[in-house]
Every structure is written in C-alpha cells, then in structure tokens.
K.L.:
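Pasting in a structure now, in structure tokens, and then I'll have a few things to ask.
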Amino acid sequence: MTSTVQSLLLSSMEQNNKPQDEDRLGALTDDILLSILGSVDLATAARTSALSTRWRSLPWLLPDLNLHVRDFLPAPCPDYPVAAGQQIYFYSQIPAQHIDEAMASLTRAARSFLRIKGSSRVSRTSLEIYLIGNYSHDIGPLVRDAIDNGMIKELDLTIADDKDYDCKGGDMLRKARDVDGFFSAYPNILPCLTRLQLYNLRFAEGDIHNVLFDCCKQLQHLSLEHCDVGDCSVWQTLSTRGLV
C-alpha cells in the first residue's frame with residue numbers, strides 16, 4: 001500500500017513539470033492529502049513540497065513526525081530490510097559512506113521540521129538514528145529544544161547499530177558509553193521516552209536500571225537486542241509498569 005501511494009506521489013511530481021497535465025491530487029482536500037503523506041516516509045513527503053505552492057507547507061503539518069535513518073538510505077537495495085513491520089536491527093551490509101550520508105540527510109530534515117514547526121505540538125515523534133560522527137551533537141539540541149518548547153511530549157527512540165551479533169565486548173562497552181553520553185548531554189529526552197530500542201550495548205551494572213526505571217517515567221515499550229552487563233551475566237529486569 002505504501003509503495004503504491006509513494007508511486008502515485010512521485011508520478012504527480014513528474015506531471016507537475018508538464019503544464020498540460022492536470023495534477024491528479026490537486027482536487028483533494030488538505031485533510032486527505034495529509035492522510036496520504038502520513039502513509040509514506042518523511043523523505044518522500046518532504047519532496048512533495050516541490051509540487052506547488054499549496055503543497056509547500058503540507059509536510060510540515062503532519063501530526064506524526066517520523067525521522068528514521070532507514071528512509072534516507074540509498075534505495076533500492078536488497079540487503080536493507082524493507083517490510084513495513086520490520087525493525088531496523090542491524091545494517092551490517094550497508095557501506096559506512098551510505099550510513100554517513102543518510103545521517104547527514106536526516107539531520108537536515110530534523111533541522112527543517114523541528115525548527116519550522118516551532119511551538120506546534122505533534123501527536124507522536126519517532127526518531128531512529130546512528131550515534132556516529134558528530135550527528136548526535138546536531139540532532140540532540142534540536143530534540144532537546146523541541147521538548148523544552150512543548151512540541152514533543154512523547155518520543156519513540158531507536159539507536160541503531162551497524163554491527164551484527166558478533167559485536168565484541170570492547171565495542172559494546174564503547175557503544176554503551178556513547179549512548180550514556182547522549183542521554184547525559186540531553187537529559188530531558190529520557191522523561192519523554194515511550195518506546196526505546198537499543199542494540200549491542202554492555203552497561204555497567206546498575207546504570208541501565210537507573211536510566212530505564214528512575215528516569216524514563218513514560219516508557220511503555222522496551223527492546224534490548226544483544227545487550228548485557230558483562231560476560232555470562234544474568235540480567236533480570238522487573239517493572240510494575242508492564243514494559244513489553
């Protein structure tokens with residue numbers, strides 16, 4: 001369904017360059033157009049702003065803001081997960097240059113959407129990023145400020161990884177320090193988290209419990225893939241809030 005809608009939008013963009021062709025979507029109301037834009041990824045939605053003056057502001061009126069690094073990766077590529085319900089998990093087949101370019105594009109999109117929306121509140125914000133390079137220092141302040149001005153009240157966060165389950169203990173410790181540094185630099189993110197997905201991390205025992213249960217007051221869904229507190233560790237996580 002999503003691919004069909006995306007094809008229709010791209011076709012409309014092509015027709016827009018031909019004055020003799022009538023825009024097939026132009027007769028629809030803004031509510032219907034926003035519903036259509038909400039069914040495609042943010043990168044495609046943003047591209048539709050070139051269709052006409054009317055379309056220019058529509059992507060910035062979307063009630064849900066999904067800033068996912070997967071949507072900015074080169075396509076098509078059979079090695080990338082493409083099923084609608086499939087999570088990002090590990091992108092070990094993706095060249096580092098593609099990841100860097102995708103994060104650069106996502107950062108530009110975040111800067112545009114989070115700043116232009118200003119004080120308007122979105123219903124749901126979902127963020128999927130890699131903690132590589134200096135991108136966290138660009139995205140972190142944007143999210144922090146959006147939370148401070150009331151635009152973001154609830155946040156789904158995925159910190160993706162480019163390694164598979166063979167990731168070694170030293171790498172896991174380093175990645176955990178990166179995640180801890182991100183949350184320490186922008187502490188107002190933690191109370192807004194409703195969903196959190198982390199991969200390939202080795203925490204100091206006790207640290208993750210403090211993050212998850214003392215700081216994340218709204219957390220409802222938690223996914224920890226290949227995460228531990230040391231070799232042969234037994235990790236028991238209990239919560240009265242019923243995380244799933």
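Just so we're clear, the structure is a prediction, and the values are computed from it rather than from any experiment.
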K.L.:
Checking Phe182 now: which residues fulfil ring-ring contact (aromatic ring centres under 6.0 Å, His included) with it, not counting sequence neighbours?
P.N.:
Tyr186

K.L.:
So, for Pro141 and Ser136, which heavy atoms are closest and what is the spacing to 0.1 Å?
P.N.:
CD-O, 3.9 Å

K.L.:
Please identify each residue that fulfils side-chain hydrogen bond (donor to acceptor under 3.5 Å, both in side chains) with Asn134, with sequence neighbours left out.
P.N.:
none

K.L.:
Are any of the side-chain heavy atoms of Ile139 and Leu106 separated by less than 4.5 Å?
P.N.:
yes

K.L.:
For the SG atom of Cys227 and the CG atom of Leu201, what is their distance to the nearest 0.5 Å?
P.N.:
4.0 Å

K.L.:
Report the C-alpha separation of Thr125 and Asp156 in whole Å, then their side-chain angles, then the decisive distance to 0.1 Å, and conclude whether the side-chain hydrogen bond (donor to acceptor under 3.5 Å, both in side chains) test is met.
P.N.:
CA-CA 6 Å; Thr125 303; Asp156 296 350; over 6 Å; no

K.L.:
Is Ile132 close to Met103 at the side-chain level, that is, under 4.5 Å between some pair of heavy atoms?
P.N.:
yes

K.L.:
For Cys216 and Leu193, which heavy atoms make the closest approach, and how far apart are they?
P.N.:
SG-CD1, 4.0 Å

K.L.:
Considering only heavy atoms from C-beta outward, does the side chain of Leu224 approach that of Leu222 to under 4.5 Å?
P.N.:
yes

K.L.:
Applying the 4.5 Å side-chain criterion to the ILVMFWY set and letting contacts propagate, would Val143 and Leu198 be lumped into a single cluster?
P.N.:
yes

K.L.:
Is the shortest side-chain heavy-atom distance between Leu157 and Phe183 below 4.5 Å?
P.N.:
yes

K.L.:
Answer yes or no: is there a donor N or O on one side and an acceptor on the other, between the side chain of Ser112 and the main chain of Arg108, under 3.5 Å?
P.N.:
no

K.L.:
Please check: side-chain N/O of Asp180 versus main-chain N/O of Ala176, any donor-acceptor pairing under 3.5 Å?
P.N.:
no

K.L.:
Transitively linked via ILVMFWY side-chain contacts under 4.5 Å: Leu127 with Phe72?
P.N.:
yes

K.L.:
What I want to check is whether the side chains of Thr158 and Glu128 have a donor and an acceptor closer together than 3.5 Å.
P.N.:
no

K.L.:
Would you say Leu190 ends up clustered with Leu196 if hydrophobic residues are merged whenever their side chains have heavy atoms under 4.5 Å apart, either directly or through other cluster members?
P.N.:
yes

K.L.:
Where do Phe113 and Met151 come nearest, in terms of heavy atoms and distance?
P.N.:
O-CE, 4.1 Å

K.L.:
Search all heavy atoms of Asn200 against all heavy atoms of Lys175 and return the closest pair with its distance.
P.N.:
O-CD, 3.5 Å

K.L.:
For His221 and Thr194, which I'm curious about, is there any donor-acceptor pair between the side chains at under 3.5 Å?
P.N.:
no

K.L.:
Could I get the full list of side-chain hydrogen bond (donor to acceptor under 3.5 Å, both in side chains) partners for Thr107, not counting sequence neighbours?
P.N.:
none

K.L.:
In Å and rounded to the nearest 0.5 Å, what is the CD1 to CG distance from Ile189 to Leu155?
P.N.:
6.5 Å

K.L.:
Just wondering, do Ile152 and Leu65 contact through their side chains at under 4.5 Å, heavy atoms?
P.N.:
no

K.L.:
Between Tyr130 and Asp100, do the side chains contain an N or O donor and an N or O acceptor separated by less than 3.5 Å?
P.N.:
no

K.L.:
Scan Asp178, Asp228, Asp171 and name whichever one has a salt bridge (Lys or Arg N to Asp or Glu O under 4.0 Å) with Arg202.
P.N.:
Asp228

K.L.:
Just so I know, are the side chains of Glu154 and Arg195 near enough to count as touching, which here means a heavy-atom distance under 4.5 Å?
P.N.:
no

K.L.:
What pair of heavy atoms forms the shortest contact from Asn188 to Arg144, and how long is it?
P.N.:
ND2-O, 3.1 Å

K.L.:
Looking only at non-hydrogen atoms, find the nearest pair between His98 and Ile94 and report the distance.
P.N.:
CB-CG2, 3.7 Å

K.L.:
Is Asn66 close to Arg124 at the side-chain level, that is, under 4.5 Å between some pair of heavy atoms?
P.N.:
yes

K.L.:
Does Gln218 use its side chain to pair, donor to acceptor, with the backbone of Lys153 at less than 3.5 Å?
P.N.:
yes

K.L.:
Any side-chain heavy-atom pair from Ile99 and Pro95 closer than 4.5 angstrom?
P.N.:
no

K.L.:
Using 0.5 Å steps for rounding, measure from the CD1 atom of Ile159 to the CG atom of Leu131.
P.N.:
4.5 Å

